[in-house]
Amino acid sequence: MTIRLYDTSARQIRDFTPVQPGCVSIYLCGATVQAAPHIGHIRSGLNFDIMRRWFEYRGYDVTFIRNVTDIDDKIINKAHEQKRPWWAIGYENERAFNDAYAALGCLPPTYEPRATGHITEMIEMMQGLIERGHAYEADGNVYFDVRSFDDYLELSRQELDNLLQPSGEGETGKRDPRDFAMWKAVKPGEPSWPTPWGPGRPGWHLECSAMAHKYLGTVFDIHGGGLDLIFPHHENEIAQAKAFGDDFARYWVHNAWVTMAGDKMSKSLGNSVLVSEMVKQWRPIVLRYYLGTPHYRSMIEYSEESLREAEVAFARIEGFVQRALEKAGGEVEPATEVPPAFAEAMDDDLGVPQALAVVHTTVRQGNSALAADDKEAAVARLAEVRAMLGVLGLDPLDPEWAGEGGERGEDLHGVVDSLVRLVLEQRESARGRKDWATADAIRDQLGQSGLVVEDSPHGPRWSLGPR
């Protein structure tokens, strides 16, 4: 058994060999908390949640770090616009991100460090880089000298002479316009911390280099994030960390975006779809299915039609689980091992689409067993399906999803159930007197109301159907 991952730095799929046998260390660039999360933000968390779950299934002890950037230009600008403290905006949106991760079933990280809690580590890294000749102070700013680091731009494979480095207001005194800021001198009305070079605040890139060093050491296995972070963020992280003396990440894994009309979903473009609004319209487990089942390196073009397709597909899986559980007459635990074809797909660069095809094949086999009244085969398929869904975080019987349903009426489920039962009793009476027209009409009317009625050996059963 060998897990293989696409390594952005190598531009190829590589066999995964951990730094420490039996252990996996992962650093994921998390939220910049200037606003509430849209589904594009949460896709990254979901992709790496599935990666983590698969490593754990394969027996690895996983340390998973997902940072919070709670100070940067965007947060400060929001504070000025809203006339609120920068830290209040950051904390409010950090809570919103955590609520979104939890709603979609992401396991909590091992540690979730905030940038502002690691100023000391950042100062120590800057001091070390200045001593080694890789950084310098100018006008209270501290810059990284990109020409001092020979391997700069190896990740993004750009040419230094053609580089246009993003630069912020007040970044004066650079020796080379391509040098990037690790520390920014204080400006009026901005938060600041004391340093040997004067008061200021950290640059975005320095935060992650310092926190990865603190929590994962000088070398770790996997650094993750969205494709948009390859340059400048991850490139600059590498320069800082390696110039400081760290070996840093062995593998670089990047997830693709959620797009709308071909453009990356972004708050600045005004095309974002907030998670807090989506969970009011769609069951969170369906959102997880929609965002988590395409391959992590494939773009997802957002549309309500594709969401409805995901809802229908998941309903097929969930319907089998419910019917098979009823047939079993009691609890059915997940199988201890997933089917070999599922494992083969997941080992090959987390091939979730191919793994999901195995889930659907197993569901069809289970439905055939139910139709043939083969209880033993149906229960066996249910156990396999639960094991596979568990790896993907999609097992509807997992306590994680107990009471799941968002605002589609879960609080009124008992009332609705009583009313539907009354209607179903009328249908059963019609069937009893062989009034098939009335029975079918009742069923059709329930269907038009968004309810699906299934006849089982234990009587009729209803569920919410696709919208």
Visitor: Measuring from atom CD of Glu318 to atom CG of Leu394, what distance do you get when rounded to the nearest 0.5 angstrom?
Guide: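 Rounded to the nearest 0.5 Å, the CD-CG separation comes out at 10.0 Å.
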
Visitor: Consider only side-chain N and O atoms of Glu237 and Ser209, and report whether a donor and an acceptor are under 3.5 Å apart.
Guide: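 No, Ser209 and Glu237 have no side-chain donor paired with an acceptor closer than 3.5 Å.
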
Visitor: Between Asp347 and Trp54, do the side chains contain a donor N or O and an acceptor N or O under 3.5 Å apart?
Guide: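 Present: a donor and an acceptor within the cut-off.
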
Visitor: Could you check whether any side-chain N or O of Asp348 sits under 3.5 Å from a backbone N or O of Gly351, counting only pairs where one atom can act as donor and the other as acceptor?
Guide: no

Visitor: Which value, rounded to the nearest 0.5 Å, describes the distance between Ile71 atom CD1 and Trp204 atom CH2?
Guide: 14.5 Å

Visitor: Indicate whether any N or O donor in one side chain lies under 3.5 Å from an N or O acceptor in the other, for His234 and His205.
Guide: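 No, no side-chain donor-acceptor pair sits under 3.5 Å.
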
Visitor: Is there a side-chain contact between Asn98 and Glu112 in this structure, where contact means two heavy atoms from C-beta onward sitting under 4.5 Å apart?
Guide: yes

Visitor: Could you tell me whether the side chains of Asp349 and Tyr296 share a donor-acceptor contact shorter than 3.5 Å?
Guide: yes

Visitor: How many angstroms lie between atom CG of Asp99 and atom CD of Glu94, to the nearest 0.5 angstrom?
Guide: 10.5 Å

Visitor: For a quick test of reading the model, state the closest non-hydrogen atom pair linking Phe231 to Leu163 and the distance between them.
Guide: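 Taking Phe231 first and Leu163 second, the nearest heavy atoms are CZ-CD1, 3.1 Å.
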
Visitor: Which atom pair, heavy atoms only, marks the closest approach of Leu291 to Leu104?
Guide: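 So the minimum-distance heavy-atom pair works out to CD1-CD2, 4.0 Å.
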
Visitor: With no hydrogens and no angle check, just 3.5 Å: does a side-chain donor-acceptor pair link Arg381 and Asn367?
Guide: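 Judged by distance alone, the side chains do not pair up.
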
Visitor: Is there a donor-acceptor contact under 3.5 Å linking the side chains of Tyr215 and Asn67?
Guide: no

Visitor: Side chains of Ser44 and Asn255: is there a donor and an acceptor less than 3.5 Å apart?
Guide: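 Side chains of Ser44 and Asn255: pair found under 3.5 Å.
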
Visitor: When you measure from the centre of the six-membered ring of Tyr101, is the NZ or CZ of Arg66 under 6.0 Å away and within 45° of the axis?
Guide: yes

Visitor: Checking salt bridge (charged side-chain N to carboxylate O under 4.0 Å, His left out) for the pair Arg431/Glu428: CA distance, chi angles, key distance, verdict?
Guide: CA-CA 5 Å; Arg431 285 164 60 90; Glu428 287 303 293; 3.5 Å; yes

Visitor: Quick check: do His118 and Glu207 have side-chain heavy atoms less than 4.5 Å from each other?
Guide: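 No, side chains not in contact.
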
Visitor: With the side chain counted from C-beta on, respond yes when Trp252 and Ile238 share a heavy-atom pair under 4.5 Å apart, and no when they do not.
Guide: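 The answer is yes; the side chains approach within 4.5 Å.
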
Visitor: Specify whether Tyr152 and Phe180 have parallel, tilted or perpendicular ring planes, treating 30° as the upper limit for parallel and 60° as the lower limit for perpendicular.
Guide: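 Tyr152 and Phe180: parallel rings.
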
Visitor: Roughly how far, to the nearest 0.5 Å, is the NZ atom of Lys214 from the CD atom of Glu121?
Guide: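 If I round to the nearest 0.5 Å, the distance is 4.5 Å.
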
Visitor: For residues Ile222 and Phe55, determine if any side-chain heavy atom of one lies less than 4.5 Å from a side-chain heavy atom of the other.
Guide: yes

Visitor: Rounded at 0.5 Å granularity, tell me how far CE in Met51 sits from CE in Met346.
Guide: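 Answer rounded to 0.5 Å: 9.5 Å.
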
Visitor: Quick one: does NZ or CZ of Arg14 land under 6.0 Å from the six-membered ring centre of Tyr251, within 45 degrees of the ring axis?
Guide: yes

Visitor: Which pairs with one or both residues in residues 16-26 pass side chain to side chain donor-acceptor pair (under 3.5 Å), sequence neighbours excluded?
Guide: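 Of all non-adjacent pairs touching residues 16-26, those that pass side chain to side chain donor-acceptor pair (under 3.5 Å) are Ser25-Asp221.
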
Visitor: Between Phe220 and Arg250, is there a cation-pi geometry (under 6.0 Å to ring centre, at most 45° from the normal)?
Guide: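 Judged by the rule, Arg250 and Phe220 form no cation-pi pair.
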
Visitor: With heavy-atom distances below 4.5 Å as the criterion, would you say the side chains of Phe16 and Arg58 are in contact?
Guide: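 They are not in contact (no side-chain heavy atoms under 4.5 Å apart), so the answer is no.
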
Visitor: Do Val219 and Phe248 come close enough that some side-chain heavy atom pair is under 4.5 Å?
Guide: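 Answer no - side chains too far apart.
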
Visitor: Taking atom types as modelled, is there a side-chain donor on Ser306 or Glu301 under 3.5 Å from an acceptor on the other?
Guide: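 Not at all, the side chains of Ser306 and Glu301 share no donor-acceptor pair under 3.5 Å.
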
Visitor: Would you check if Leu28 and Ile65 make a side-chain contact, meaning some heavy-atom pair closer than 4.5 Å?
Guide: no

Visitor: For Thr362 and Val358, indicate whether the former's side chain and the latter's backbone hold a donor-acceptor pair under 3.5 Å.
Guide: yes

Visitor: The criterion is side-chain hydrogen bond (donor to acceptor under 3.5 Å, both in side chains); which residues satisfy it with Gln158, sequence neighbours excluded?
Guide: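 Scan of Gln158 (side-chain hydrogen bond (donor to acceptor under 3.5 Å, both in side chains), adjacent residues dropped) gives Ser156.
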
Visitor: Is any side-chain heavy atom of Ile230 closer than 4.5 Å to one of Leu155?
Guide: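 Yes, at least one pair of side-chain atoms sits under 4.5 Å.
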
Visitor: Can you pull the ring pair (Phe, Tyr, Trp, His ring centres under 6.0 Å) pairs that have at least one residue in residues 306-326, sequence neighbours excluded?
Guide: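 As it turns out, the ring pair (Phe, Tyr, Trp, His ring centres under 6.0 Å) pairs with a partner in residues 306-326, which skip direct neighbours, are Tyr289-Phe314.
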
Visitor: Please round to the nearest 0.5 Å and tell me the distance separating atom CG of Asp246 and atom CZ of Phe244.
Guide: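 One gets 6.5 Å once the value is rounded to the nearest 0.5 Å.
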
Visitor: Between Pro334 and Arg386, which heavy-atom pair has the shortest distance, and what is it?
Guide: CD-NH1, 3.7 Å

Visitor: Checking side-chain polar atoms at under 3.5 Å, does Asp15 have a donor or acceptor matched by the opposite partner on Thr2?
Guide: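 There is no such pair (donor and acceptor under 3.5 Å, judged by atom type) between the side chains of Asp15 and Thr2.
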
